[in-house]
2 protein chains.
Amino acid sequence: MATAKSKKKPSRRKSPTKKPKLDHIHHVAIPVPNIAKALEWYTSRFNCHVEYVDETWALLEFANAKLALVLPTEHPSHFALSRPDAKKFGKLVTHRDGLKSVYLTDAFGNSIEVLEEP
Amino acid sequence: MATAKSKKKPSRRKSPTKKPKLDHIHHVAIPVPNIAKALEWYTSRFNCHVEYVDETWALLEFANAKLALVLPTEHPSHFALSRPDAKKFGKLVTHRDGLKSVYLTDAFGNSIEVLEEP
């Protein structure tokens, strides 16, 4: 009978064939010999917010990702991805800001940090 | 009288003291000796889409920014910001994909590409 309402399941927006969510680039880290001077150089030219600064590194917030200015003696030049399953890449280390991450080196010598973030 | 409705101006979300829009990090470019091998290394480990590839470079799309794998003989290791006023940083060069950009070197030897994008 046309009058009988069929019980439809709630519509699901997630298709089973949906591609996995792309990983997020959390930050790029570049080596500078002096954090204060580098901070002045970058903030005077580009539109960004200073999120953190001490004598060994600074973190600048851009619209979609962050730029870390780092002393080369403290951190390698690298970029960081964030994934909820970071620990599958190795043992996570907890940083002062509470974030957990692991550093990888690709097959060509580049450093990649994988941060544990949803 | 309490019954008289006051004519209010439409509310404005934009405050005149609003900070300038933050610049966008368009991509990070890292040097690799072989594009095909690097593409295999990155795409087998991380969730990203291959946006472009030839023998001299590849562009991988991540959730919020891109990763360029480049031959060091073609491009320096760098990161790229996009701004509508890129030309204020120097003479723009038009690339094969139509994008216009200029390369800067910071006071510490790091390369930065500034792309002309809204």
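Within every chain, numbering begins at 1; the chains are lettered A, B, ... in the order of the sequence lines, protein sequences first and strands thereafter. Below, each value reflects all heavy atoms present in this structure, side chains not excepted, and no hydrogens, waters or symmetry copies.
Relative ring orientation between Trp57(B) and Tyr52(B) is described as tilted, the plane-to-plane angle lying within the 30° to 60° band. By the 30° and 60° cut-offs, the orientation of the rings of Trp41(B) relative to Phe108(A) is perpendicular.
Of the two parts of Arg83(A), only the side chain, counted from C-beta on, holds a non-hydrogen atom closer than 4.5 Å to a non-hydrogen atom of chain B. When heavy atoms are compared at a cutoff of 4.5 Å, Phe62(B) approaches chain A by way of both its backbone and its side chain. For Leu81(B), the part sitting under 4.5 Å from any heavy atom of chain A is the side chain, from C-beta outward, and nothing else. Proximity to chain A is limited to the backbone of Lys66(B), based on heavy atoms less than 4.5 angstrom apart. Interface residue Phe46(A): backbone and side-chain heavy atoms are both found under 4.5 Å from chain B.
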Does the side chain to side chain donor-acceptor pair (under 3.5 Å) test come out yes or no for Glu113(A) and His27(A), once each step is laid out?
CA-CA 9 Å; Glu113(A) 186 178 9; His27(A) 67 259; 3.2 Å; yes
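A donor-acceptor pair is defined here as one N or O able to donate and one able to accept, closer than 3.5 Å; no such pair exists between the side chain of Asn47(A) and the backbone of Asp23(B).
Leu39(B) pairs with exactly one of Asn34(B), Val32(B), Leu69(B) by the side-chain contact (heavy atoms from CB on, under 4.5 Å) rule, that one being Leu69(B).
With chain B as partner, the option from Asp106(A), Val28(A), Leu67(A), Ile112(A) having the largest number of non-hydrogen pairs under 4.5 angstrom is Asp106(A). Ranking Ser77(B), Pro33(B), Gly109(B) against chain A, the residue ahead of the rest is Pro33(B), based on heavy-atom pairs under 4.5 Å.
With ring centers used as reference points, Tyr103(A) lies under 6.0 Å from His78(A).
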